[in-house]
Amino acid sequence: MSSTDTLTPSQTSTNAQVLDATTHANIHDKLARALGIKTAQVNAFVKLYDEGATVPFIARYRKEKTQNLDDAQLRALEKSLNYERDMATRRLKITELLSTQGNLTDELQTRIDNATSKLELEDIYLPYRPRRRSPAAKARAAGLDVAAQAILTQEIAPTDALADYQIQSNVTDDSGQEIEVDFGDIEKQLAGVQAIIVDEWTQALDLLDNLRNGFAKTASIVSTVASEEKREVGEKFKDYFEHSESLARLPNHRLLAMLRGRQENVLGLKVEGEDAPFIEKIINHFDIDAKVPAARREFLAEAASSLWKDKWRPHIEHRLLTEKRLTAEADAIEVFANNLQHLLMSAPAGRKVILGVDPGIRHGVKMAIVDAQGHVMLNSEDKPVVATVYPFAPDNKIDEAKAVIDELLSTYQVDLVAIGNGTASRETDAMIKEILAANDALKAKAVIVNESGASVYSASELASDELANLDVSVRGAVSIARRLQDPLSELVKVDPKAIGVGQYQHDVNQNQLADSLDKVTQDSVNAVGVDVNTASPAILAHIAGLNKNVAQQIVTYRKEHGAFESREALKNVPRLGVKTFEQAAGFLRVHDGSNPLDATGVHPESYALVDSLLAQTGKALPNLIGNEGVLNTIDTTALAANDDNVSIKAILDELAKPARDPRPEFKTANFRDDVNSIKDISEGMTLEGVVTNVTAFGCFIDVGVHQDGLVHISQMANDFVADPMNRVKPGDIVSVRVISIDEKRGRIGFSMKPEAEKPTRTATKAAEANSSNDDKATRPRSSRTAADKRPSSSKPRGSRQDNRQEGRQDKGSTNTRGKAAKTESTEVPSKMGTFGALLKEAGVTKTKK
């Protein structure tokens, strides 16, 4: 298994079975230390997890057993547990292989036991991996090992060591198979002897560690344009056409940009570093300078050079790049997962009548109305309320379009108008606002909605099943309306990679990405819960314990037998067994059913406990639910000891606020009516916008101009920002100031910093005077920013959503960094050093005492 493979549950279970109790205990202790929790908590989680319990179920309904570990801690524990089990299984295998070969030593066993990554484990085993067709293996098979050992241990010239060598007519490997070799002359024999010596030296793992660490500190990564023909087609990578920087300090997103450029055959990548110091270390390690005679010393020095240049340096470069890539991919996956979680958990508009609008120019503006339950409304003739209008060129039927929209809004008492943010979005928004302003009887409000992935849903099998009576072109409008009504329920129907909140999502390990996003989606869905009588198969599939097949069985049973009257009725669904019911029931809601508890987050296993609470109050259940005053009077002393799964307090909290929605309150951003395209904005303009994506290097803001702008991490606040995710989340409404515009490349730079007051002329001169000495030894802040914060590049995608989101996010960093640096350099006097520049940027002046 490679270091990037994702374990399936069955693989994890298999790995757990081959490990002994001591190994399990050691893993649990290690995880407890690493995560800052108790070993007892780890043990409790592992027991539940291995019995088939899901993370959402454990987090919600087994709090007492894990001592209140939350879902984030449990997910980290799950990931680390699977990795450590996989590591332990591989350790056992490598130990077994080395033992069988007769190569296992105490030193090797210690190294294996102390290895912290899969890459390190494979490095330990690499020198001992059988290679029957390697030059060294062929030379040994041909009998050249005797000469090699003589040169290593005796004061003898290489040619003299080969004086008695007899060329063999037939050469076989260790399995008895005949192999072809050619050691017919002295030069080839010497090369074979050298290959044996180099192969033996590769087992000096301590030396390899020393060289790798030294090389890692000094090496640089260099990218160049692959050929002159690639300059134009690979223009988005132009910042890397002649680029070099320290490999150790290379940011994750820049590495991924370079790797993408290489994947597209636009860039060539190489690692540059010195050779001489490392060859010298090999020579010193094996005491080659002391060897005699001179011919032997020169021969071994050549072997040392070959060991470095032909064996170790390529291997070290590969490992360093692999480690950097894996770290960068893990970071990108985490960014995507965080963004997706916040998008899924964004505020729902709730039970509103919504007109969904999918803007377009040539193909018209498609519209559909959904009712408060999310169903497409029907007119008096039982036909779906949908329409297509053509207000823009080339048709220009603006009056007809306004009349149709006005009638729809009036007739069906629309509460909100959800307008997709694609082509013609702002023009459509302006037109609808004109309609609303002209008719006081209309109470609807227009809201711009991110439509990424709506077209993917429209053409999906799920959409065909849900909206079979609608044309594909209109389904997108329905999806846009539902996204505003309940983002979670609608977005789960789309592959997360089509939503466009990822960073280099197409370049990372796809299995790991899919696994991470699936867990995020599962946690989000279970945090909110679903109405089992209205939920789609797509969202039901993410409920703890369920899968696509069981989710479809629930929907099919619902269609055949009508709405579920209770959670208990779910047991009649085919393939929904006892264990599945246990995991899923608490997250499935049945509203207006036979038991009011079925509409809450109280698990059926705790219903008897609730009955005991009712007996104390003498009240009926409907009078107890939501009545915090009565619940606070209940004496739970005698009951607490009877439940070791979830605390009495947790049950009382749920009864006080049944099925509470953890999502925030619904708000909308106010886009400026006079700003509809990039042509309408200017530097210094302040705008309100919505955070659409957060990356390692900043965040992207939609201000309603069809092109998100970048707030670079350096422009997010006056103080240091370690992680943009700590400051903003997707869906946040923020105020930004335009600091750079590149209309040709479609890039906008924003700042979230408060605009500092300009210092007085006298104060500025004083600051310059005080900082001029610093400038002699320090580059200005502006030039450092431009040099150190290189951009990432985008990869063109097949869909409109991908091109708009992913391309925007990667290319945007170039523009903002470059433009921001240029803007700073014009504002900061040339004589002002770094300290003075920082003072001026913060609006602080420094005067002489």
Side-chain angles (χ1 to χ4, degrees), residues 1-100 104-125 326 330 511-512 515-516 518-519 522-523 544-545 579 582-583 644-646:
M1 179 175 292
S2 72
S3 60
T4 58
D5 286 340
T6 300
L7 292 176
T8 64
S10 60
Q11 288 174 311
T12 303
S13 177
T14 301
N15 287 349
Q17 292 172 7
V18 301
L19 305 177
D20 59 31
T22 301
T23 302
H24 280 297
N26 290 338
I27 289 175
H28 297 183
D29 288 340
K30 180 179 180 180
L31 294 178
R33 291 192 303 271
L35 298 174
I37 58 179
K38 300 174 183 176
T39 302
Q41 291 175 292
V42 177
N43 293 339
F45 166 75
V46 172
K47 184 176 186 301
L48 292 165
Y49 185 68
D50 287 343
E51 289 173 352
T54 62
V55 167
F57 177 78
I58 297 172
R60 186 74 172 269
Y61 298 112
R62 293 295 180 266
K63 289 182 177 181
E64 294 298 290
K65 291 186 181 298
T66 65
Q67 299 176 48
N68 292 311
L69 292 180
D70 61 30
D71 53 355
Q73 290 173 304
L74 292 174
R75 284 300 183 194
L77 186 51
E78 175 191 36
K79 182 178 180 180
S80 299
L81 174 67
N82 291 338
Y83 186 86
E84 288 299 333
R85 282 179 170 178
D86 191 30
M87 281 280 291
T89 303
R90 185 58 180 160
R91 278 194 185 95
L92 286 177
K93 184 63 178 177
I94 289 176
T95 299
E96 179 186 332
L97 290 169
L98 290 173
S99 180
T100 301
L104 185 64
T105 63
D106 290 342
E107 179 187 358
L108 277 176
Q109 186 64 66
T110 301
R111 277 184 162 271
I112 292 169
D113 292 341
N114 294 335
T116 58
S117 71
K118 296 174 186 177
L119 281 174
E120 187 176 351
L121 272 179
E122 298 308 323
D123 263 8
I124 294 169
Y125 182 56
L326 292 177
N511 289 335
Q512 287 186 351
D515 181 66
S516 176
D518 183 66
K519 286 179 169 61
Q522 185 184 53
D523 289 344
K579 187 69 176 180
E582 176 196 56
Q583 296 294 305
D644 61 355
N645 291 331
V646 62

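Numbering starts at 1 and runs along the sequence shown. Owing to the predicted nature of the structure, the values given are computational and were not obtained by experimental measurement.
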Nearest atoms (heavy-atom pairs only) where K519 meets D515: NZ-OD1, 2.7 Å
Trace of the side chain to side chain contact (heavy atoms under 4.5 Å, CB included) decision for V46 with I27: CA-CA 11 Å; V46 172; I27 289 175; over 6 Å; no
pair Y125-R90: side-chain heavy atoms closer than 4.5 Å: yes
Side chain proximity check, I37 to Q73, heavy atoms < 4.5 angstrom: yes
Flag side-chain contact, heavy atom, 4.5 Å: N82 against D86: no
Minimum-distance pair of heavy atoms, taken over all atoms of Y83 and K118: OH-N, 3.3 Å
Check ion pair E120-R111 (N to O, under 4.0 angstrom): no
Least distance between heavy atoms, L31 atom then E84 atom: CD2-CG, 4.0 Å
Side chain proximity check, L92 to T23, heavy atoms < 4.5 angstrom: no
Worked check of side chain to side chain donor-acceptor pair (under 3.5 Å) between Q583 and T54: CA-CA 7 Å; Q583 296 294 305; T54 62; 3.0 Å; yes
Reported CD1-to-CD distance for the pair I112 and E107, which is rounded to 0.5 angstrom: 11.0 Å
Nearest heavy atoms of E78 and V55, plus distance in Å: OE1-CG2, 3.8 Å
Q41 side chain to T66 backbone, donor-acceptor under 3.5 Å: yes
Heavy-atom check, side chain of L108 versus side chain of T95, under 4.5 Å: no
Gap separating the OG1 atom of T39 from the CG atom of D29, nearest 0.5 angstrom: 4.0 Å
Atom of Y49, atom of I58 and distance for their closest heavy-atom approach: N-CD1, 4.2 Å
Any donor-acceptor N/O pair, R75 side chain to S516 backbone, under 3.5 Å: no
Set of residues satisfying side-chain contact (heavy atoms from CB on, under 4.5 Å) with respect to K79, sequence neighbours excluded: none
Pairs flagged by salt bridge (charged side-chain N to carboxylate O under 4.0 Å, His left out) wherever residues 34-48 is involved - sequence neighbours left out: K47-E51
More than 12 heavy atoms from other groups under 6.0 Å of CG on D106: no
Side chain proximity check, Y61 to E582, heavy atoms < 4.5 angstrom: no
Interatomic distance, M87 atom CE to L121 atom CG [nearest 0.5 angstrom]: 4.5 Å
Spacing of N114 atom CG and I124 atom CD1 [to the nearest 0.5 Å]: 8.5 Å
Flag side-chain contact, heavy atom, 4.5 Å: D71 against R60: no
Whether Q109 side chain and T105 backbone form a donor-acceptor pair below 3.5 Å: no
Residue among H28, K65, H24 satisfying side chain to side chain donor-acceptor pair (under 3.5 Å) with N43: H28
Test log, rule side chain to side chain contact (heavy atoms under 4.5 Å, CB included), inputs L81 and F45: CA-CA 10 Å; L81 174 67; F45 166 75; 4.1 Å; yes
